[in-house]
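Note on naming: letters A, B, ... go to the chains in the order of the sequence lines (proteins, then strands), and numbering restarts at 1 for each one. Fair warning: this is a prediction, and the values are worked out from it, not measured in the lab.
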There are 2 protein chains.
Amino acid sequence: MTRMSTAHGARARARIEVTAAIKDEARRQLAADGAARLSLRAVARELGMVSSALYRYFPSRDDLLTALIIDAYDSLGEAAEAAHDAAAGSGPLQRWIAVCEAVRRWALGHPHEYALIYGSPVPGYTAPDTTVPAAARVGLLLIGVVRDAYRGLGLARPSLPADLRPEAERMAADLAPDLPPEVVTVLVAAWAQLYGLVGFELFGQFNRVVEDREVFFRYAVGQLAHGVGLVYPQRGPAAKSPGPHND
Amino acid sequence: MTRMSTAHGARARARIEVTAAIKDEARRQLAADGAARLSLRAVARELGMVSSALYRYFPSRDDLLTALIIDAYDSLGEAAEAAHDAAAGSGPLQRWIAVCEAVRRWALGHPHEYALIYGSPVPGYTAPDTTVPAAARVGLLLIGVVRDAYRGLGLARPSLPADLRPEAERMAADLAPDLPPEVVTVLVAAWAQLYGLVGFELFGQFNRVVEDREVFFRYAVGQLAHGVGLVYPQRGPAAKSPGPHND
DNA sequence: CCAAAGCAAGAGCACTGCTCTCGTTTATGA
DNA sequence: TCATAAACGAGAGCAGTGCTCTTGCTTTGG
């Protein structure tokens with residue numbers, strides 16, 4: 001049995017420091033060259049240790065990657081929460097947009113980390129359950145925004161097709177029992193669509209298509225907000241139509 | 001100078017066959033284990049040739065990957081077009097849904113190929129312009145559906161914020177000069193959001209969140225259609241509200 | 001018919017993840 | 001206090017990778 005976990009000697013402290021140093025260097029290489037170029041040997045080399053020694057701290061390359069994934073989720077979650085808190089005084093729509101733009105900004109600033117967590121999963125690698133709580137942070141944040149709006153002034157309740165009812169109620173029970181299933185459903189869809197927008201920009205699908213990604217993203221995200229029932233931003237000169245449709 | 005391209009001897013035919021065999025075996029390995037596990041040596045081994053011989057046909061691993069990427073785009077485009085043609089008699093909304101569901105079905109059937117083209121780009125690899133036309137097929141298909149709807153019965157024209165106007169007009173000029181810029185803008189957004197939905201399901205972000213992905217996807221895609229101006233599917237018992245918002 | 005190009009094969013380089021062994025250091029329990 | 005067990009760093013080594021270079025052979029085209 002290992003007894004290192006709760007030990008509190010000089011060795012335990014050293015272990016913590018070395019582990020952190022490995023993760024730092026690995027994160028450096030990840031940010032520089034991407035996940036698949038991340039090399040255990042290169043990390044060890046840079047740290048002045050031999051590669052086999054590194055396996056005392058991470059039993060495999062995938063375990064090191066998992067640690068980086070969790071850190072990336074946390075970093076993204078922190079950025080989103082910071083943006084949310086900075087817009088705490090504003091209305092739900094402004095907070096929604098603030099969170100979405102924080103996600104985009106973080107993604108543009110950490111493209112390889114973003115690809116690691118929201119791009120295609122690393123070959124043969126399946127994320128362990130350890131990553132679940134960290135991954136949920138942004139989602140929880142968006143739920144919170146919608147919840148505030150719902151409690152504050154009531155929210156539009158979209159209608160659902162009959163065959164989606166059971167699924168919608170199950171999702172609502174799992175994610176936000178205090179919200180109507182209709183709202184939770186469109187929220188989950190908007191959540192996925194947000195990452196479609198970010199991913200397309202980040203992975204180059206918008207090349208030669210969308211130039212001014214900033215304003216395009218803001219508009220698309222406003223649409224998403226509208227879809228979940230938050231009012232459409234009716235600033236600007238055009239005040240004729242409240243939404244993206246009028247028939 | 002090489003003269004192989006237009007030559008028509010036994011050697012040229014052999015070259016074509018070997019090239020196809022390499023791509024087939026590579027596609028097999030790609031489908032089985034994913035892009036990063038694709039090994040030139042393994043392909044050569046399976047084909048009974050030595051690894052260096054393979055470089056006569058593909059100058060690098062990335063070039064082989066590029067060929068597979070183009071094939072994947074074409075395969076996806078073909079599937080989408082087939083689904084579209086099969087729904088040729090139906091209205092625009094049905095065709096829209098048919099195309100979207102074909103994309104999803106193809107993605108679920110070819111997860112690694114989908115990840116290759118719409119997931120995070122392979123490490124250090126940047127797609128050459130060769131892939132652009134193949135990549136555009138699904139987009140063109142969606143544009144066509146919306147164009148038909150627009151020409152047939154007129155389409156809802158969403159309002160745009162002032163700062164998005166120039167970008168919207170540029171996009172419309174590039175993609176569909178015969179469509180209103182507002183429609184093109186929401187269409188591009190819907191296009192990206194479609195891939196957000198598919199990617200989230202495929203890459204496991206819906207694990208423990210969405211169970212009945214089939215009906216959820218259909219609903220979300222109907223929402224997207226509604227967003228671009230196609231009418232919302234008002235079948236089913238609930239006929240009270242035509243859209244996901246009502247205030 | 002012969003020079004030029006295409007081709008398969010092999011050896012080799014530098015790199016990877018990972019394992020195993022070997023002394024050494026540290027920590028813990030009797 | 002002191003022996004035993006665990007943790008550790010270092011090194012060698014295995015199997016695999018992409019890619020290059022050289023060596024002959026075959027096909028092709030002027």
Quiz item: So which nucleotide from D/dC8, D/dG16, D/dG18 ends up closest to the side chain of A/R11?
Solution: D/dC8
Practice problem: Just call it for B/L64: base, sugar-phosphate, or nothing, with non-hydrogen atoms closer than 4.0 Å on any strand. | Solution: nothing
Quiz item: Of the candidate nucleotides D/dG9, D/dG18, C/dC18, which contains the atom at the shortest distance from the side chain of A/R61?
Solution: C/dC18
Identify the pairs formed between an N or O of the protein and an N or O of nucleotides 19-21 of chain C at a distance under 3.5 Å, and give each distance.
none

Quiz item: Within the pair B/R13 and D/dT27, is there a side-chain N or O less than 4.0 Å away from OP1 or OP2?
Solution: no
Quiz prompt | Under the ring pair (Phe, Tyr, Trp, His ring centres under 6.0 Å) test, residues paired with B/F216 that sit two or more places apart | solution = B/F206
Practice problem: Would you mind listing every salt bridge (charged side-chain N to carboxylate O under 4.0 Å, His left out) that reaches into residues 100-109 of chain B, with sequence neighbours excluded? | Solution: B/E101-B/R218, B/R104-B/E201, B/R104-B/E214
Self-check item: Residue whose closest nucleotide on DNA chain D lies nearer the 5' end, A/R41 versus A/G48
Solution: A/G48
Side-chain donor-acceptor pairs of residues 185-199 of chain B under 3.5 Å, sequence neighbours excluded:
from, atom 1, to, atom 2, distance (Å)
B/T185, OG1, B/P181, O, 2.8
B/Y195, OH, B/Y118, OH, 3.3

Quiz item: Under 4.0 angstrom, heavy atoms only, what part of the nucleic acid is B/Y57 near: base, sugar-phosphate, or nothing?
Solution: sugar-phosphate
Practice problem: Apply ring pair (Phe, Tyr, Trp, His ring centres under 6.0 Å) to B/H110 and list each qualifying residue two or more places apart in sequence or on a separate chain. | Solution: B/W106
Quiz item: Among all residues two or more places apart in sequence or in another chain, which pass the ring pair (Phe, Tyr, Trp, His ring centres under 6.0 Å) test with B/F58?
Solution: none
Exercise. Examine distances only and state if a side-chain atom of B/E167 and a backbone atom of A/E211 form a donor-acceptor pair shorter than 3.5 Å.
Key: yes
